[in-house]
There are 2 protein chains.
Amino acid sequence: MTNLPLPQTGSCPVATTVSLLSSKWKLLIVRDLLKGTKRYSELKQSVASVSQKRLTRSLRELEQDGLVLREVFPVIPPRVEYRLSPLGDSLRPLFSALKDWDLMYLDLKQKESS
Amino acid sequence: MTNLPLPQTGSCPVATTVSLLSSKWKLLIVRDLLKGTKRYSELKQSVASVSQKRLTRSLRELEQDGLVLREVFPVIPPRVEYRLSPLGDSLRPLFSALKDWDLMYLDLKQKESS
DNA sequence: CGGTATCCTAACAGATACTG
DNA sequence: CAGTATCTGTTAGGATACCG
């Protein structure tokens, strides 16, 4: 289901998001790109333990889905920058909600252990 | 990464959520349980195209992670009900944000094609 | 630097049969 | 009904080597 043909119109929002972002790495990539433009090597660093292959593929898919923009600078050595498209950036509130939930989660786990 | 040891404390919120919910089916399961208690067979129906095996495993993992509660009724034929724990239910705002984003997404896709 | 191409293994899906 | 067990493909992931 990782990359269904996109026009899943009519389907539910969760299914849409799953088709766009599930594949655990994509959320992590978008998380990093929300902080700004990143080079390939920076993403390789910050998205812990992702393999080169999967990082590249995930980026390609995010690009095809219109969430990420890829810019190649014709220099040697090569320089490739990734950043969020407006659509990708519109995910920001969702990540904010995610962060809020995490706070609640940590709080609850702490009470549990006390 | 599907089931990391939970105490990922110190890690980022996105990583936490990924560890809890990534594995595409889990989001779909939680989505359905947000509507209320469901029997196994109901989930099998509404979580489209999930296999019996994977549905069971996902439910077990969600249960272990404290998001889902499982109640077995000692009757014949058996009756097993699943529902969200308070922690699981606290995901509701996140799903709401997800729905909001989907609306924006659909809107943008529509403009694109016009 | 930012990738492909290749090989190999681990994880997952699907079908079927069986059980309390 | 709600699973478990088993067996068999497919697909995803990791490691390595190489290239413009």
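The figures here come from the full heavy-atom set of this structure, side chains too, leaving out hydrogens, waters and symmetry mates. Each chain gets a letter, A, B and so on, in the order its sequence line appears, and its residues count up from 1.
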Enquirer: Give the rounded distance in Å between these two atoms: NZ of Lys38(B) and P of dC1(D).
Expert: 16 Å
Enquirer: Find which nucleotide of DNA chain D each of Thr56(B) and Arg39(B) is nearest to by heavy atoms, and output the residue with the more 5' nucleotide.
Expert: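 First, find each residue's nearest nucleotide; the 5'-ward one identifies Arg39(B).
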Enquirer: Hey, does the side chain of Arg60(A) come within less than 4.0 Å of dG2(C)'s phosphate (OP1/OP2), counting only N and O?
Expert: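 Answer is no, no contact under 4.0 Å.
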Enquirer: Reckon Trp25(A) has a side-chain N or O less than 4.0 Å from the OP1 or OP2 of dG14(D)?
Expert: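 For Trp25(A), the contact criterion (side-chain N or O under 4.0 Å from OP1 or OP2 of dG14(D)) is not met.
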Enquirer: In whole angstrom, give the distance that lies between atom NZ of Lys44(B) and atom C1' of dA13(C).
Expert: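 My rounded result for the distance is 12 Å.
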Enquirer: Within less than 4.0 Å of OP1 or OP2 of dA2(D), is there a side-chain N or O belonging to Ser41(B)?
Expert: yes
Enquirer: For Asp102(A) and Lys99(A): C-alpha separation, side-chain torsions, deciding distance, then whether salt bridge (Lys or Arg N to Asp or Glu O under 4.0 Å) applies.
Expert: CA-CA 5 Å; Asp102(A) 188 60; Lys99(A) 193 176 157 191; over 6 Å; no
Enquirer: Rounded to the Å, how far apart are Arg70(B) CZ and dA2(D) C1'?
Expert: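 Between C1' of dA2(D) and CZ of Arg70(B): 8 Å.
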Enquirer: Within this structure, what is the CD-to-P distance between Gln45(B) and dG3(D), rounded to whole angstrom?
Expert: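 It works out to 15 Å between those atoms.
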Enquirer: Looking at Glu81(A) and Thr37(A), what are the two nearest heavy atoms and their distance?
Expert: OE1-CG2, 3.4 Å
Enquirer: Name the residue from Leu69(A), Leu91(A), Val68(A), Leu67(A) that meets the side-chain contact (heavy atoms from CB on, under 4.5 Å) definition with Leu84(A).
Expert: Val68(A)
Enquirer: Pick out the pairs of N or O atoms, protein on one side and nucleotides 6-11 of chain D on the other, that lie under 3.5 Å.
Expert:
none

Enquirer: Is it the case that one hydrophobic cluster holds both Met104(B) and Leu21(A), taking links as side-chain heavy atoms less than 4.5 Å apart, direct or via other members?
Expert: no
Enquirer: How close do Ala97(B) and Ala97(A) get, counting heavy atoms only, and between which atoms?
Expert: CB-CB, 3.8 Å
Enquirer: Below 4.0 angstrom, which residues in residues 75-83 of chain A have at least one non-hydrogen atom near DNA chain C?
Expert: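 Those residues whose heavy atoms fall under 4.0 Å from DNA chain C, taken from residues 75-83 of chain A in numerical order, are Pro77(A), Pro78(A), Arg79(A), Val80(A), Tyr82(A).
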Enquirer: Which whole-number value in Å describes the distance from Leu55(A) CG to dG13(D) P?
Expert: 12 Å
Enquirer: Grab the OH-C1' distance between Tyr40(A) and dC19(D) for me, whole Å please.
Expert: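 My rounded result for the distance is 14 Å.
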Enquirer: So, for Lys44(B) and Val50(B), which heavy atoms are closest and what is the spacing to 0.1 Å?
Expert: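 Lys44(B) and Val50(B) have their closest heavy atoms at NZ-O, 3.2 Å.
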Enquirer: In whole angstrom, what separates Glu71(A)'s CD from dG3(C)'s P?
Expert: 13 Å
Enquirer: Which hydrophobic side chains are connected to Phe73(B), either touching it within the sub-4.5 Å cutoff or through other members that do?
Expert: Val75(B)
Enquirer: Could you state the atom-to-atom distance from CZ of Arg54(A) to C1' of dG3(C) in whole Å?
Expert: 15 Å
Enquirer: Ignoring hydrogens, what is the shortest heavy-atom contact between Leu62(B) and Leu20(B)? Give both atom names and the distance.
Expert: CD2-O, 4.3 Å
Enquirer: Give the minimum heavy-atom separation between Asp32(A) and Lys38(A), together with the two atoms involved.
Expert: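 Closest heavy-atom pair between Asp32(A) and Lys38(A): O-CE, 3.5 Å.
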